[in-house]
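Have a look at the structure below before the remarks.
Just so we're clear, the structure is a prediction, and the values are computed from it rather than from any experiment. What you see below is based on every heavy atom in this structure, not just the backbone, and it leaves out hydrogens, waters and symmetry mates. By convention in this document, chain letters (A, B, ...) are assigned in the order of the sequence lines, proteins followed by strands, and residues within each chain are numbered from 1.
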Amino acid sequence: NAGVTQTPKFRILKIGQSMTLQCTQDMNHNYMYWYRQDPGMGLKLIYYSVGAGITDKGEVPNGYNVSRSTTEDFPLRLELAAPSQTSVYFCASSSQGKNTEAFFGQGTRLTVV
Amino acid sequence: AQKITQTQPGMFVQEKEAVTLDCTYDTSDQSYGLFWYKQPSSGEMIFLIYQGSYDEQNATEGRYSLNFQKARKSANLVISASQLGDSAMYFCAMSSNAGNMLTFGGGTRLMVKP
């Protein structure tokens with residue numbers, strides 16, 4: 001019963017570097033999400049996916065890209081890291097029914113220096 | 001656009017007492033869901049309770065209950081018999097008619113005093 005698994009847990013990037021945050025879920029959920037949480041704030045939606053091959057922008061998509069080639073995996077790509085992307089990133093998934101709870105991964109703490 | 005407002009940045013409560021965490025929301029959707037999540041210092045997001053906009057009864061889950069007042073657009077979380085382990089950040093969130101994407105409030109930090 002792994003649920004939603006994110007890797008890595010911590011990462012330090014230099015400005016301009018790129019990286020991919022990995023997210024996988026084993027609950028056969030159609031919906032997956034990426035959120036970011038800045039210090040002392042609530043979570044904001046970056047991108048989401050309602051199924052394999054379908055992705056859409058959330059509230060704060062600039063500087064990020066996603067793909068959804070399988071139901072299980074939903075990686076988040078940062079192409080040119082900037083200090084403003086220093087944050088904690090959460091991946092989540094939920095079943096297709098409306099208003100169902102989202103299950104969150106443990107988060108990835110990213111620092112851009 | 002949806003908006004969630006949590007007006008209490010921090011709160012103290014005495015162990016074994018009840019506490020209410022406030023949440024107000026704004027939406028033009030007729031169908032929506034309201035959620036509360038707990039985030040302990042370890043950082044994970046833990047689902048606590050859910051209320052649907054068409055549910056007539058207030059939701060309850062163990063020591064957690066949701067005081068849903070639709071006309072006032074409020075969805076306050078009530079924690080009864082507070083425990084030291086309840087010390088954490090609490091986030092109110094809502095989903096929209098468009099899907100399960102969540103809009104979060106800024107959170108309330110609850111500190112339980114022994």
- line: CG of Leu78(A) to CE of Met19(A), rounded to nearest 0.5 Å, is 7.0 Å
Test: Asp38(A) and Lys44(A) ion pair at under 4.0 Å: no
statement: Scanning both residues in full, the closest heavy-atom pair of Met27(A) with Gln25(A) reads N-OE1, 3.0 Å
message: Is Leu43(A) close to chain B through its backbone or its side chain, or both, or neither, when contacts mean heavy atoms under 4.5 Å?
response: both
statement: Most heavy-atom pairs under 4.5 Å with chain A, out of Met89(B), Gln6(B), Met101(B), Glu44(B), belong to Met101(B)
- prompt: In terms of heavy-atom proximity below 4.5 Å to chain A, should Gln39(B) be classed as side chain, backbone, both, or neither?
  reply: side chain
- prompt: Any chance CD1 of Ile46(B) has more than 12 other-residue heavy atoms, nucleotides or ligands included, within less than 6.0 Å?
  reply: yes
- request: Under 4.5 Å heavy-atom distance to chain A, tell me which part of Leu102(B) shows up: side chain, backbone, both or neither.
  value: both
Expected output: side-chain Thr86(A) to main-chain Val112(A) donor-acceptor under 3.5 Å: yes
message: Is Glu59(A) close to chain B through its backbone or its side chain, or both, or neither, when contacts mean heavy atoms under 4.5 Å?
response: neither
query: So which of Gly40(A), Ala102(A), Ala92(A), Gly58(A) has the biggest tally of heavy-atom pairs under 4.5 Å with chain B?
result: Ala102(A)
